[in-house]
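Worksheet: one structure, shown below.
Below, read A as the first sequence line, B as the second, and so on, with proteins coming before strands; counting in each chain starts at 1.
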Amino acid sequence: MANHAVVADTSEVSFYKAKSRWGEGLFSWIFSTDHKRIGLMYLALMSVFFLTGMSIGFLMRLELIAPGRTIVGPETYNVFFTLHGMIMIFMFVVPGLSASLGNFFLPIMIGAKDVAFPRLNLLSWWLFLAGSIIAFASLFTAAGPPDTGWTFYAPYSIHTGTNVPMACFAAFVLGFSSILTGLNFVTTIHRMRAPGMTFWKMPLFPWALYATGWVQVVATPVLGITLVLLILERFFGIGVFDPAKGGDPILYQHLFWIYSHPAVYIMILPAMGVISEIISVHARRPVFGYGFIAMSSVAIALFGSLVWAHHMFVSGNSELANFIFSLLTMVVAIPSAVKVFNWVATLYKGSIALETPMLYALSFIFLFMIGGFTGMMLGILSIDVHVHDTYFVVGHFHYVIFGGLGFAFFGALHHWFPKMTGRMYHQIPSKISWFLLFVGFNTLYMPMFILGWEGMPRRYYDYLPQFHHLQVVSTVGSWILISGVIIMVVNLLRSIRTGPVCTELDPWGGGRTLEWTIPSPPPLENFEEIPIIDRGPYELKPSEAK
Amino acid sequence: MSQSVALVGHRDYTGSKLGMWMFLATEVILFGGMFLLYAAYRSDYPGDFHAAAGELNTLVGTVNTLILLTSSLTMALSIAACHHGNRKLAMIMILVTVIFGGAFMVNKYFEWMTKIAHGIYPSSEFLLAHPKGEIIFFGLYFTMTGIHGLHVLIGMVLLVGMFFKVMNQPNAQVSFLSGHGLQRADGGRLAMLDPNGVPLWKSEPIDDTMERVVVKTKYWPVKSRFRVEDFSLLENVGLYWHIVDIIWIFLFPLFYLIT
């Protein structure tokens, strides 16, 4: 159409100060379709949920400081680990890096003004809020909070009187939100890349979000229907998971893990993308093996969707099925290892600056490797039979998700903090908090491997006297870890107002991706002019190459 | 100095199609979970499934299949009518589709009610006295046709919305710059130019007080100037309707025709 709008040039103001039809108050946030505001709103909600989940974890550790009843009884302890799992999984790590920082940085890193469906993006956030409210409401309504564990395994979830249906509905709504985010990001990456940015010129964080988006879209509906069936089972007794009526609870486990194992990759893939970015910037080197890292994300998404039954080695699967799923589990280790090797190769002969994000990235590699290797041990049939449903599994899972996603999340927060706020965080408290987190984390979870190996089952509020020493060590670790988290959160919140002003385009001096070419904080439409991309994401500019 | 700015709220036809197809994939996987259960239980209880399916009324099922198939035809016809610039026919075809959807639901209602009157419903004493495979068969029957029926209802609501959208199409509203986008025009004005650069229309000068500039255009695309972007929403609803139809195509033989 021949419509041309004529405007005068104006200087760019940051998106915080941009005019909105809702004025400047709360409404300008909760009704905004700006991907940056939505990303920050996710971040705010998720931080609250993370701290809530962490507090419940703290209480669980406190209960376990001595054998027998310490602060709560077994029923309350059941509620604690269910809530801790539900909140941390569905309300923190599944939206995770992709909904928060991914929302903020995906369009910027591919040179777009927003995501493909901005209103759908806002709807995702609202569904996330609604699902979270329903989840919390399930604690105080009907017959009390669910006590099944976050896995809602049938047939116990059918026969327990607690408020499982509402919690399932909450997870269903949260899953819908996750689907819409994934769908939005995949479409955005397909349709909105800046001119010249082919898939092979796209940075690795968007690559990771692309793989994540597909897993979200393909896997989440399975969880949705599983939870709906569980709700129908509770209300109408349709019988599909109830052995008394001919149903098979093992099928529930299959359907549940068909989603929930890929969900682990929904959590960890964006973290891996972030680590690639952080290491490249703070080692001042182009990413080594760019293509391999990009493809390994896709490979992890692909193979990770085919390994679910390794959660069920002792559930009575056939020998052949167990063998195949064990083999596939080993296969997933290959692309994961490809990433680790390439990160280390990127560091080699780099000019490494031990800024706080880099400290988090390096500890990510260390912790993720421990989590990965113990994961392979769990994938081996004979070992799994020995340590199934013990603290070994709990330790492995926390090393991968907290040591992996958690540390990458904290690293990303520090890495992009100046870009999001226009200020630098306070250096000394940030390094202290990293140290406490790293030490506290290992003190908390390392003993779990030994406890699990010696036979301490998970989800027990009591234990035999011989486990006492290591349980105390673990609980002390939780105190160190939590003090680290508190210092970090307070430091970041303080730095928003009092941190040194940092409006340089590229405060680290090593950023090559597009977010380091625009002002901090970014203007509303990100780019004055959409950039034209003529080289790979980490390659030197021609002027620098001499 | 003047510069051109892009229309706010650009329409990306391919993008919206891609998003819709991904959503359809999630629907297929959602029902896929239930088909998986069906497959597992049918191999567990082949005899009971055979016996239980005999309770279903094949005639009603066949009629419903015909109704849904025809509704897919009318859905496609309404989109084709849009492509030919025939608004009236498009609206009629959307209404006919809604009516077919309603007829399907009415049939379904009487079918369910007959079953329930016979004491066949989940957890009924009558059903619990039957073999386990029959309990599962009817559990799956009510679940799958119920969730499918819910999808038909959602589709009907969407189609009613589409009816009004097509009806109001000539009053298409274009937000040139809305809300936050407006600040780029601060201190200037918006103007619409013809291809020779002669202004057709100019806005008031834009300052802090202005919230948005909305231009309403009246047009109904004729066949020769059809813009597919104007109907991507209707096409997406059409795709949704077809997927709901296709799911029924699988439900029908698996529940009614296995006797």
Side-chain angles (χ1 to χ4, degrees), chain A residues 1-10 12-13 15 18-22 32-34 113 116-118 120 179-180 182-184 186-188 190-192 213-214 217-226 228-229 232-233 236-240 242 244-248 251 254-255 258 524-525, chain B residues 1-5 7 12 14-16 18-19 22-23 25-34 36-37 40-41 44-45 48 121-123 128 131-133 135-136 139-140 142-143 147 174 176-195 206 208 211-212:
Chain A
M1 288 215 295
N3 295 335
H4 293 279
V6 183
V7 296
D9 242 315
T10 53
E12 299 275 338
V13 286
F15 74 97
K19 256 192 312 178
S20 121
R21 58 194 287 201
W22 303 102
S32 169
T33 55
D34 178 18
K113 295 192 172 189
F117 308 116
L120 204 62
I179 289 177
L180 293 182
L183 186 153
N184 212 340
V186 171
T187 312
T188 305
H190 269 288
R191 299 295 303 165
M192 313 265 297
W214 274 111
V217 168
V218 172
T220 317
V222 184
L223 177 76
I225 191 60
T226 312
V228 167
L229 289 168
L232 293 175
E233 186 76 64
F236 301 108
I238 52 173
V240 288
D242 187 350
K245 293 174 182 165
D248 187 351
L251 279 174
H254 273 293
L255 287 178
I258 287 175
L524 185 77
E525 302 211 306
Chain B
M1 206 189 101
S2 72
Q3 69 179 89
S4 298
V5 294
L7 290 175
D12 179 0
T14 315
S16 93
L18 180 65
M22 287 180 81
F23 178 73
T26 69
E27 289 283 3
V28 170
I29 294 165
L30 185 99
F31 277 92
M34 290 184 280
L36 194 77
L37 287 183
Y41 288 129
D44 278 356
Y45 309 106
D48 292 346
Y121 54 90
S123 289
L128 288 183
K132 284 180 172 174
I135 303 175
I136 295 289
L140 284 172
F142 280 106
T143 307
I147 293 178
V174 182
F176 267 73
L177 285 166
S178 70
H180 42 239
L182 205 59
Q183 84 200 21
R184 290 198 58 183
D186 211 2
R189 359 166 142 242
L190 287 170
M192 210 186 262
L193 310 179
D194 73 3
I206 291 168
D208 287 346
E211 288 206 327
R212 62 192 309 188

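Contact between A/G247 and B/I136 at its shortest, heavy atoms only, is N-CD1, 3.5 Å. When all heavy atoms of A/G237 and B/P122 are compared, the closest pair comes out as O-CB, 3.8 Å.
For the options A/D242, A/T188, A/V218, heavy-atom pairs under 4.5 Å to chain B are most numerous at A/V218. Ranked by heavy-atom pairs under 4.5 Å with chain A, the list B/D48, B/I147, B/I29 is led by B/I29. The candidate from B/G133, B/G19, B/P131, B/G33 with the greatest count of non-hydrogen atom pairs under 4.5 Å with chain A is B/G19.
A/K245 NZ to B/I135 CD1: the interatomic distance, rounded to the nearest 0.5 Å, is 7.5 Å. Taken from CZ in A/R191 to OG in B/S16, the straight-line distance is 9.5 Å, to the nearest 0.5 Å. Taken to the nearest 0.5 Å, the CG atom of B/D44 stands 7.5 Å off from the CG atom of A/L251. Here the CD1 atom belonging to A/I179 is positioned 10.0 Å from the CE atom belonging to B/M22, to the nearest 0.5 angstrom. For the atom pair CZ (A/F236) and OH (B/Y121), the distance works out to 12.0 Å, reported to the nearest 0.5 Å.
Side-chain N or O atoms of B/Y41 include none that pairs as donor or acceptor with a backbone N or O of A/G246 at under 3.5 Å. A donor-acceptor pair under 3.5 Å is absent between the side-chain atoms of A/T187 and the main chain of B/L18, judged by distance alone. Checking side-chain atoms of B/T26 against main-chain N and O of A/P221 turns up no donor-acceptor pair under 3.5 Å.
Taking 4.5 Å as the limit, some side-chain heavy atom of A/L255 sits within range of a side-chain heavy atom of B/L37. Between A/V240 and B/T143, the closest side-chain pair of non-hydrogen atoms is not below 4.5 Å.
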Walk me through it: do B/L36 and A/I258 pass the test side chain to side chain contact (heavy atoms under 4.5 Å, CB included)? CA-CA 12 Å; B/L36 194 77; A/I258 287 175; 4.3 Å; yes
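Heavy-atom distances place both the backbone and the side chain of B/F23 under 4.5 Å from chain A. Heavy atoms of A/L120 lying under 4.5 Å from chain B are absent altogether. Heavy-atom distances place no part of A/A219 under 4.5 Å from chain B, backbone and side chain included. The contact between A/F117 and chain B is made entirely by side chain atoms (from C-beta outward), counting heavy-atom distances below 4.5 Å.
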